[in-house]
Chemist: 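Can you read through this structure? Questions will come right after.
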Amino acid sequence: MSQQNSDWAAWIIEAKYEPSNEVAIEAIAKEMTSYFLSGEPQTTHFEWSVDSGRGQLILHERYATSQAGLAHIKAFSDRFAERFSALVAPQRVVVFGNPSQELLDVLSGMSPEILRYLAGFSR
């Protein structure tokens, strides 16, 4: 399936956390995953990876449309942002795909790097 004309959007959040908070990180990761898996059918990727010894994590998120990304941000803000922000310190955010200007405006508070889609596919 070509991605050229779609408004799909994705981002990667690289963050730090205190290794002593590993249990809390795992708990919120599982809670968020369950919540978004069951309630957001247009969230196509929502993946956490950690290096517990160094207190690093990468969160990879991808949405079928920019509107789905916006809906996710709203749900995240309403339900998880306070706890997430208390545990995690984002270091770098990279946005890619074909996000709408509205989505980019919402994400601008995280000072993301923006990479525009060039070529490729997903299956």
Side-chain angles (χ1 to χ4, degrees):
M1 172 171 97
S2 172
Q3 300 298 321
Q4 186 172 2
N5 295 319
S6 175
D7 76 336
W8 67 274
W11 51 84
I12 293 173
I13 300 171
E14 296 178 7
K16 296 264 187 198
Y17 66 91
E18 289 296 323
S20 61
N21 287 332
E22 180 99 17
V23 171
I25 292 289
E26 186 173 338
I28 197 168
K30 288 179 178 181
E31 182 183 352
M32 289 172 67
T33 298
S34 177
Y35 181 82
F36 296 131
L37 179 62
S38 66
E40 294 184 353
Q42 290 194 329
T43 299
T44 62
H45 297 73
F46 187 77
E47 302 167 322
W48 294 63
S49 299
V50 298
D51 179 342
S52 56
R54 295 180 20 193
Q56 288 186 303
L57 71 81
I58 294 179
L59 182 54
H60 172 225
E61 304 179 31
R62 182 171 172 159
Y63 304 90
T65 66
S66 290
Q67 279 304 121
L70 288 164
H72 170 83
I73 291 168
K74 170 85 168 88
F76 169 81
S77 296
D78 292 347
R79 189 171 183 102
F80 299 106
E82 187 175 326
R83 286 185 290 149
F84 182 85
S85 297
L87 293 169
V88 173
Q91 305 293 302
R92 180 176 181 226
V93 177
V94 181
V95 176
F96 48 102
N98 292 314
S100 68
Q101 188 59 52
E102 182 182 10
L103 180 56
L104 290 174
D105 291 346
V106 170
L107 292 170
S108 68
M110 296 180 8
S111 302
E113 298 173 42
I114 310 297
L115 302 177
R116 290 289 180 185
Y117 175 78
L118 178 62
F121 67 92
S122 65
R123 297 180 191 203

Chemist: Which residue pairs satisfy the side chain to side chain donor-acceptor pair (under 3.5 Å) criterion with at least one member in residues 107-116, sequence neighbours excluded?
Modeler: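 Qualifying pairs, neighbours excluded: R92-E113.
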Chemist: Test of understanding: with salt bridge (Lys or Arg N to Asp or Glu O under 4.0 Å), list the residues that count as partners of E26, not counting sequence neighbours.
Modeler: K30
Chemist: Once salt bridge (Lys or Arg N to Asp or Glu O under 4.0 Å) is applied, do any residues pair with E22, and if so which ones, sequence neighbours excluded?
Modeler: none
Chemist: Taking only residues two or more places apart in sequence, or in another chain, which ones meet P90 in a side-chain contact (heavy atoms from CB on, under 4.5 Å)?
Modeler: I13, V88
Chemist: A86: what forms a side-chain contact (heavy atoms from CB on, under 4.5 Å) with it, not counting sequence neighbours?
Modeler: none
Chemist: Return the set of residues passing side chain to side chain donor-acceptor pair (under 3.5 Å) with E18 (not counting sequence neighbours), or none when no residue passes.
Modeler: none
Chemist: Can you sort out the partners of F36 under ring-ring contact (aromatic ring centres under 6.0 Å, His included), two or more places apart, ordered by chain and number?
Modeler: F46, H72, F80
Chemist: Report the residues that fulfil side chain to side chain donor-acceptor pair (under 3.5 Å) with D51, sequence neighbours left out, ordered by chain and then residue number.
Modeler: none
Chemist: Taking only residues two or more places apart in sequence or in another chain, which ones pass side-chain contact (heavy atoms from CB on, under 4.5 Å) with I73?
Modeler: W11, S77, L103, V106, L107
Chemist: Considering only heavy atoms from C-beta outward, does the side chain of W8 approach that of T44 to under 4.5 Å?
Modeler: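 Heavy-atom side-chain distance check fails, nothing below 4.5 Å.
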Chemist: Pairs in or reaching into residues 64-81: which pass salt bridge (Lys or Arg N to Asp or Glu O under 4.0 Å), with residues at least two apart or in two chains?
Modeler: K74-D78
Chemist: Who passes side chain to side chain donor-acceptor pair (under 3.5 Å) against E82, sequence neighbours left out?
Modeler: none
Chemist: Can you sort out the partners of S66 under side chain to side chain donor-acceptor pair (under 3.5 Å), two or more places apart, ordered by chain and number?
Modeler: none
